[in-house]
Amino acid sequence: MNNSKIIKIILIFLGLFLTIGCEDDNPTGVCTPESATITGTITFSGTWPSEGSVAVSLSSNWPPTGAPAAYAAITETDVTNNTYNYTFENVTFGEYASIAISWSDPNDSNPATQQHTIGAYGGTCPFFATYGGVDPTAIIASTTEYSLTGLDFTADFSFTTSSTCGI
């Protein structure tokens, strides 16, 4: 068999493989997202604590129980002009009760009291309606609402003491 026939046969099989093997599951060309991205800016006020850790978290429950759906530790060096831009990527679709920022008191060994909420998206101190504050705003991530941006809120380091909010 000469080389030109072999090349033709290979090209035919290659062409068939590319046209038949690559099926377009979505003829409209619109891709359905597989997860969500949530972004926003946190504006800090007050003095950054000399000890303890600060974190922002996305939680399914309010108040948060169990592991958060997404989490980011924040250091003072991550903050520019008193602001921090957070991004949660690959968030599973669903409803989330809060995006909150907290400070962990290193001198309190009790897990029930060592976290101090210093800010929450849509919430106001003391962050519980039953105590005179406002609960955080729930967030829903779905295939139609998968890029949630501008979820901005403030965090106040004076809330590191429970008496600041009256609880």
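Heavy-atom basis, side chains included; hydrogens, waters and symmetry copies ignored. Numbers here simply count residues along the sequence, with the first being 1.
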Heavy atoms of Ser142 and Phe93 approach each other most closely as O-CE2, 3.2 Å
Separation between OG1 (Thr39) and CG (Leu148), nearest 0.5 Å, reads 8.0 Å
Polar side-chain atom of Asn61 near backbone of Pro63 as donor-acceptor pair, under 3.5 Å: no
Are side-chain heavy atoms of Pro136 and Tyr121 found at a separation under 4.5 Å? no
Do Thr37 and Glu89 have side-chain N/O donor and acceptor atoms under 3.5 Å apart? no
Which of parallel (below 30°), tilted (30 to 60°) and perpendicular (above 60°) describes Tyr131 and Phe128? perpendicular
May I ask you to test the Thr47-Phe157 pair for a side-chain heavy-atom distance under 4.5 Å? no
For the atom pair CZ (Phe127) and CG (Asp135), what is the distance rounded to the nearest 0.5 Å? 10.5 Å
Hey, could you give me the CD/CD1 distance between Glu76 and Ile74, rounded to the nearest 0.5 Å? 12.0 Å
Quick one: closest heavy-atom pair of Ala141 and Thr92, and the distance? CB-O, 4.5 Å
Where the side chain of Trp103 meets the backbone of Phe159, is there a donor-acceptor pair that is under 3.5 Å apart? no
Atom CG of Asn110 with >12 non-hydrogen neighbours under 6.0 angstrom: yes
Without swapping roles, check the side chain of Asp78 against the backbone of Thr75 for a donor-acceptor pair under 3.5 Å. yes
Could you tell me which non-hydrogen atom of Ser35 sits nearest to which non-hydrogen atom of Tyr146, and how far apart they are? O-CB, 3.9 Å
When rounded to the nearest 0.5 angstrom, what distance separates OG1 in Thr41 from OH in Tyr86? 8.0 Å
Check the pair Thr117, Ile101 against side-chain contact (heavy atoms from CB on, under 4.5 Å), reporting the backbone distance first and the verdict last. CA-CA 6 Å; Thr117 302; Ile101 186 160; over 6 Å; no
Could you go through Ser102 and Gln115, starting from their C-alpha distance and side-chain angles, then the distance that decides it, and tell me whether this counts as side-chain contact (heavy atoms from CB on, under 4.5 Å)? CA-CA 6 Å; Ser102 64; Gln115 292 291 328; 2.8 Å; yes
Quick one: does any side-chain atom of Ser57 pair with a main-chain N or O of Pro68 as donor and acceptor, under 3.5 Å? no
A side-chain contact here means heavy atoms from C-beta on lying under 4.5 Å apart; do Ile38 and Leu58 qualify? yes
Do Ile139 and Glu95 touch side chain to side chain, with heavy atoms closer than 4.5 Å? no
Mind listing the closest non-hydrogen atom pair of Phe88 and Ala72 along with its distance? CE2-N, 4.3 Å
Nearest 0.5 Å, what's the OG1-CG distance between Thr43 and Asp152? 7.0 Å
Hydrophobic cluster membership, Phe153 vs Leu151, 4.5 Å side-chain cutoff: yes
Can Trp48 be reached from Ile42 by stepping across I, L, V, M, F, W or Y side chains whose heavy atoms are under 4.5 Å apart? yes
Look only at the side chain of Asp156 and the backbone of Ile118, and say whether a donor-acceptor pair between them is shorter than 3.5 Å. no
Ile99/Val56 under side-chain contact (heavy atoms from CB on, under 4.5 Å): CA gap, chis, key distance, verdict: CA-CA 7 Å; Ile99 301 173; Val56 61; 3.9 Å; yes
At their closest point, which heavy atom of Thr160 faces which heavy atom of His116, and how far apart are they? O-ND1, 3.3 Å
Correct closest heavy-atom pair for Val79 and Phe44 would be CG2-CE1, 3.8 Å
Any side-chain donor-acceptor pair under 3.5 Å between Gln114 and Asn107? no
